[in-house]
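So the structure is just underneath, and the comments pick up after that.
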Amino acid sequence: MINNEAAVSTTTTTVAAPSTSSSNTAAQSLGLKNFFKTPEGRYKLRHDKSHPSSLLPYALAKSITQITLADLKDQPVQAVANLPALQPSSSYSVASSGVRYVTSKFLGSSGNGSRMLGFVGGNGTGSKTNGGASKSGHVGGLSNGSSSTVGSNTSDGKGTYLIFNVGDTLYITELNSEEKDPIKSISFGNSNPVCHAFDSKAKDGHDFLIGLNTGDVYSGSLRLQLQDVGKKLVGAHHYNKDGALNNTRCMGVAWIPERDGAFVAAHADGNLYSKDGSVESSFPVIKDQTQFSVAHARSSKSNPIARWHICQGPINAIAFSADGRYLATVGRDGYLRVFDYLNEQLICGGKSYYGALLCCAWSSDGKYILTGGEDDLVQVWSMEDRKVVAWGEGHNSWVSGVAFDSYWSPPTSEDESESAVYRFGSVGQDTQLLLWDLAMDELVVPLRRPPGGSPTYSRAHSSHWDNVVTVGTLQPAPSTKDVPKLAPLVAHRVHSEPLSALIFSRESILTASRDGHVKIWTRPGNSDVQVSGSDTLTPMKAASSVSG
């Protein structure tokens with residue numbers, strides 16, 4: 001249920017995976033097609049990725065699979081200097097000298113890098129252990145109490161990688177590889193990775209975030225994990241160790257755009273923490289759990305530097321706008337909240353039609369926000385209007401993932417007055433991938449129902465549109481008569497199990513089911529892979545007008 005904003009564009013090599021034929025046969029036996037059609041052409045199933053077949057079934061129920069794309073390019077000189085040489089891994093609580101070195105470089109400290117990374121959460125009460133030291137630190141490896149020898153891989157790690165979690169393990173696989181099984185696994189023992197994020201612009205070597213169900217958060221180097229042949233996390237900073245300072249589930253992690261090394265972590269108690277410091281901090285007790293509030297640490301060097309109390313319940317997903325100015329959150333209470341992150345101010349938001357909201361995503365220009373949740377709807381929010389401007393109807397169950405396709409371009413037109421058209425997608429527990437086109441000029445806004453008459457539709461405003469939403473106001477759920485409806489351009493059943501995540505890349509669309517299976521759908525014109533099967537699938541007609 002956590003949304004990730006880490007998809008990075010890369011170049012895809014055109015190959016025909018040997019495993020594709022067997023995957024296609026299995027898919028066809030389940031009534032699944034290995035292609036779907038859009039107005040611009042066919043999307044074809046290139047290949048799929050999954051966890052090892054030896055994984056026990058009970059492990060699949062421990063967490064819901066989320067996916068992250070990571071593009072590792074040439075390593076910056078500064079990052080090379082910051083990364084430690086691989087050494088034998090240590091036990092859970094002991095850091096090797098190499099890790100101490102990267103810690104000191106990461107924190108900008110001298111000496112042995114002994115500054116502690118604090119993380120105070122819960123209800124704002126500080127907690128200390130081991131003679132007053134904040135219970136967080138650095139970790140050279142994760143194990144079940146035993147240590148093992150770690151070798152090194154001399155590969156520079158360049159390439160595009162797919163990261164996904166299943167049970168207590170995080171898997172890493174090469175996106176363009178023919179191999180179905182992952183090339184790297186990182187086990188967390190009795191904890192389960194829940195969310196993760198990658199920062200392609202990281203300068204200090206730490207580009208990879210992991211949040212656990214215990215509340216623990218790790219930041220580390222993805223390149224370093226790939227160079228290590230073991231099954232433990234190496235060279236990572238460990239925040240909120242064992243959940244001692246906030247023992248609620250970490251629901252989402254996100255790097256803050258344009259703020260190197262700074263990130264936020266959202267938790268199931270409705271608190272969000274901003275981390276960009278190096279010493280422990282504490283916060284006052286939250287007096288009113290129902291009100292938004294921000295508490296700052298006493299020192300500007302503290303970590304976290306601020307605690308945001310967002311809501312009285314779990315924050316299900318978080319997402320930053322591309323420029324890092326705005327932060328969107330959705331929660332179990334059914335509300336979208338949009339904040340001016342720099343000024344720590346609530347800008348707008350509103351309630352779902354029914355139930356919790358589970359996912360959210362920004363358009364690349366920051367003008368629109370998508371949300372999805374338990375009402376089976378995809379909501380389109382406008383930052384300019386500060387309200388819902390369209391509802392997407394097409395899913396038959398909860399919407400678990402939404403994303404804008406920033407790589408898609410509409411057909412060229414000679415009419416320069418035409419407004420922008422946005423392509424976005426959604427996946428749900430109904431196992432379907434839906435693609436949508438949003439053209440604001442083509443939306444028909446409902447009028448009020450005249451007394452004793454039938455409803456009519458026009459470009460004039462309805463009561464929902466008449467109201468000017470002031471800054472800082474959370475809107476109630478609008479009436480179904482007041483919001484324009486979108487119909488999906490394409491609806492395609494892509495998995496046999498409920499879906500949990502969706503990512504658009506330059507060459508493909510990635511869909512993931514909650515049990516750890518990921519499929520890569522190549523865009524039209526980007527693959528020579530031959531797809532068998534009949535041409536019976538017909539895309540749904542794009543909605544140029546709206547019905548009630």
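Position 1 is the first residue of the sequence; numbering continues from there.
Atom CZ of Arg423 has more than 12 neighbouring heavy atoms from other residues, nucleotides or ligands inside a 6.0 Å radius. Applying the 6.0 Å contact sphere to NZ of Lys367 captures no more than 12 heavy atoms from other residues, nucleotides or ligands.
Lys49 places a side-chain N or O within 3.5 Å of a backbone atom of Ser177 that can act as its donor or acceptor partner. Within the 3.5 Å criterion, the main-chain N or O of Asn192 finds a donor-acceptor partner in the side chain of Asn213. Formation of a donor-acceptor pair under 3.5 Å by the Lys33 side chain with backbone atoms of His492 is not found in this model. The backbone N or O of Ile318 sits nowhere less than 3.5 Å from a side-chain atom of Thr329 that would complete a donor-acceptor pair. Not one N or O on the side chain of Lys73 forms a donor-acceptor pair closer than 3.5 Å with the backbone of Lys158. Side-chain N or O atoms of Thr65 include one that pairs as donor or acceptor with a backbone N or O of Asn165 at under 3.5 Å. Side-chain N or O atoms of Arg523 include none that pairs as donor or acceptor with a backbone N or O of Tyr43 at under 3.5 Å.
Centroid-to-centroid, the aromatic rings of His517 and His495 stay 6.0 Å apart or farther. With ring centers used as reference points, Tyr341 lies under 6.0 Å from Phe320. Separation of the Phe198 and Phe208 ring centroids does not fall under the 6.0 Å cut-off. If you look at Phe339 and Trp308, their ring centroids are closer than 6.0 Å. Aromatic ring centres of Phe404 and Phe504 lie farther apart than the 6.0 Å criterion allows. Checked against a 6.0 Å centroid threshold, the rings of His267 and Tyr273 count as neighbours.
Under the 4.0 Å criterion applied to side-chain N and carboxylate O atoms, Glu507 and Arg46 are not assigned as salt-bridge partners. Asp482 and Lys387 are not joined by a salt bridge, as no carboxylate oxygen comes within less than 4.0 angstrom of a charged side-chain nitrogen.
Val518 pairs with exactly one of Leu175, Thr173, Thr511, Leu162 by the side chain to side chain contact (heavy atoms under 4.5 Å, CB included) rule, that one being Leu162.
Ring pair Trp391/Tyr353 is perpendicular by interplanar angle, where above 60° counts as perpendicular and below 30° as parallel. Relative ring orientation between Trp436 and Phe424 is described as parallel, the plane-to-plane angle staying below 30° on a 0-90° scale split at 30° and 60°.
A donor-acceptor contact under 3.5 angstrom links the side chains of Tyr422 and Asp365, judged on distance only.
Here salt bridge (Lys or Arg N to Asp or Glu O under 4.0 Å) pairs that include residues 311-327, with residues two or more places apart or in two chains, are Arg325-Asp340.
Considering only heavy atoms from C-beta on, Leu222 comes within 4.5 Å of Ile172 through its side chain.
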Stepwise salt bridge (charged side-chain N to carboxylate O under 4.0 Å, His left out) check, Glu258 with Lys201: CA-CA 9 Å; Glu258 311 303 329; Lys201 298 180 180 180; 3.8 Å; yes

side-chain hydrogen bond (donor to acceptor under 3.5 Å, both in side chains), that's the test. Do Gln379 and Thr371 meet it? Break it down for me. CA-CA 5 Å; Gln379 295 182 335; Thr371 63; 3.2 Å; yes

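With sequence neighbours excluded, no residue forms a ring-ring contact (aromatic ring centres under 6.0 Å, His included) with Trp408.
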